[in-house]
2 protein chains.
Amino acid sequence: MATIKDVARLAGVSVATVSHVINGTRPVAPETAARVWKAIKELDYHPNAVARSLRTRTTHAIGVVVSDITNPFFATLVRGAEDAAIEAGYSIIVCNSDEDLQKEDLYVNMLRRRRMDGLLIAPVRDGASPAVQELAQSGIPFVFVDRKAKGIEADAVLSDNVQGAYLATTHLLERGHTRIGIILGIKGATTTEERFHGYRLALEEHGLPIDHRLVVYGSYRAEGGQEALRALLSLSDPPTAVFSTNNLMTLGALRELRRRGVKVPEELAIVGFDELEWAELVEPPLTVVSQRPYEIGHRAIGLLLERLRDPDLKPREIRVPVDLKARGTT
Amino acid sequence: MATIKDVARLAGVSVATVSHVINGTRPVAPETAARVWKAIKELDYHPNAVARSLRTRTTHAIGVVVSDITNPFFATLVRGAEDAAIEAGYSIIVCNSDEDLQKEDLYVNMLRRRRMDGLLIAPVRDGASPAVQELAQSGIPFVFVDRKAKGIEADAVLSDNVQGAYLATTHLLERGHTRIGIILGIKGATTTEERFHGYRLALEEHGLPIDHRLVVYGSYRAEGGQEALRALLSLSDPPTAVFSTNNLMTLGALRELRRRGVKVPEELAIVGFDELEWAELVEPPLTVVSQRPYEIGHRAIGLLLERLRDPDLKPREIRVPVDLKARGTT
DNA sequence: ACGTTTACCGTAAACGATTATATAGGCCCG
DNA sequence: CGGGCCTATATAATCGTTTACGGTAAACGT
């Protein structure tokens, strides 16, 4: 593989000149530049970004740790991040933590070894693995997306979860439901807590108490939603409506409803959190609180880039709005 | 940020020794090693993978170019690739070509500058942008996934498209349909051609001619599927069944059917290509030919790693099986 | 007592770029 | 005609590792 030296030799100039015509870092006589470009073409030369990074101490790469790229929410978030990053000349390395603290730890360290210029992290639980804690000390810029780790001051871009849950619950209350079950995600995650909080706010506003048998925690997977729904339906006085607080669990809940042949919304109303591309295709169409994952990813990169320019910025938190899409299941 | 030199100094050994205890590349006295590890902890030292890469001429990173990570098919494919890669100590950089030759070109070159050890590519159309052509010359290992570029000999992992389309079409024929429309993806893509071929095979086997008004090309997006379906339904003698050859376009087609209130499968039967997590939730449940994107990604990395070990392997092609999942829409 | 083996460890030269500093040549001007 | 000034280019140090070569000292054999 050709190096800058080969190009210099072929063009009959020094490596410095080659570097400068490539990067435009200082004026070069037009004929000289032309000779250099010609040599580059001829040798099919691709500048070595690794060497460049070593020298300049910057990789123009951003690490992203999400729980699972297979989840449409994160896929879209990552896409938003990628578009924003590319736009600014950065690349992205994605890692899937699978909601596993160990993996999170592993990946964050790997990304540090690779000298990422910055990181986007959807932290596992309220957690903050050792690696994330150290990261916070290290001075390497990073921003939390979707959730944040407790006790760590850092930039964050999050959905307005409280508002979303409040909207969903209020919507159900307005339809006359008073026994409203809630299916929550991973215990301890900020998303879970905030969504529960919004649910509670709405109930309180209507003077209703919290019935703890109606609040169940699941995993973040479809199976978790399925089990959670089973638990709710097997209560002696089951709810007449359910608020499922994340997309995969909503999928599981719907599967269970269909399996049992439960009539929706007559026997049970249901509202999900997070839009799903097929929400309007199922019968009846699914009512959801929609998030804006693309925007979350995009703006997170925005924050990161700003911090890259000015490391002394104080931490900022962006809340991305959510919308209630009332459809057939409520 | 601490370097290996700092660690060496603190531990009172040479940099060579530090390097060797980190990499286990030569025996080091236990007490010495302990001192080194202690120094590493103390300094929160993270070896600089950039410098390492420059020296060893290997990045342990693999570039992946797909059309859109937001498409569940590619998300799952990438996930399969990532799992296989991580397992072997590699990281992955994902790029979205958006079926745009220019972007493909851009990204492939970027990945070369970053000195990826290898690439996974879902080439745009039959295309092969200049960058891909050069890549083929360069000797850098890469493998095609999902589709392949014509005229380039390289490893490839693909679905058995002909078989899939044959299965889908035969299934419809067996249900008595004789006018079967087909919604194809991007003209020129190998997937498109192979699926069309399978469709034709099945028709021929039943002694039916190809009616070219029944074969329509769309984009690869939902809107494309929607338009394609509209075109089919507006024929003077519309088809009684439709085979939609990719997931997003199937989504679009279903939307259009719902919008028009067409009775499925009575007025129109439909079968899609590629499984969808919600296929069983819609009414009626969607019949599809399911692919195995995870396996495609996983095995592609397998091929790549083998080639990394032995660059002289001759090109291999893996066909991943598909399955017909007969459900309610047929 | 001395050469040999063995077990550890250190020195310094790459890897391929960027960039501060130096230099060479040409031109203008008093 | 010499000095000053520009423009265009070259030289060489540097980034943080890996690793080919050696070196040193203790243990051992005779």
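Under the 4.0 Å criterion applied to side-chain N and carboxylate O atoms, B:Glu306 and B:Arg316 are assigned as salt-bridge partners. A salt bridge does not link B:Arg57 with B:Asp117: every distance from a Lys NZ or Arg NE/NH1/NH2 to an Asp or Glu carboxylate oxygen is 4.0 Å or more.
Residues B:Ile93 and A:Ile92 are not in side-chain contact: their nearest non-hydrogen atoms beyond the backbone lie 4.5 Å or more apart. Contact check for B:Val64 versus B:Leu119: no side-chain heavy atoms found under the 4.5 Å cut-off. Side-chain atoms of B:Leu106 and B:Val108, non-hydrogen and from C-beta on, never get closer than 4.5 Å to each other. Residues A:Val18 and A:Arg35 form no side-chain contact, since every pair of their non-hydrogen atoms from C-beta on lies 4.5 Å or further apart.
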> What is the per-nucleotide protein-contact pattern of nucleotides 15-21 of chain D, from the 5' end, where B denotes a base atom under 4.0 Å from a protein heavy atom, S denotes such proximity for sugar-phosphate atoms only, and - denotes neither?
Replying inline: BBBBB-B
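Side chains of A:Arg114 and A:Thr59: a donor-acceptor N/O pair is absent below 3.5 angstrom, by distance only. Donor-acceptor pairing under 3.5 Å is lacking for the side chains of A:His46 and A:Asn48. Residues B:Asp83 and B:Tyr294 have side chains that bring a donor and an acceptor to within less than 3.5 angstrom of each other.
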Using nucleotides 6-8 of chain C, report all nitrogen or oxygen pairs with the protein that are shorter than 3.5 Å.
none

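Among the atoms of the strands shown, only primed sugar atoms or phosphate atoms (P, OP1, OP2) are found under 4.0 Å from some heavy atom of B:Val13.
One axis for each end of the helix from C:dA1-D:dT30 to C:dG30-D:dC1, each built from five base pairs, and the angle between them comes to 60° at 10° resolution.
Atom CD of B:Glu87 has 12 or fewer neighbouring heavy atoms from other residues, nucleotides or ligands inside a 6.0 Å radius.
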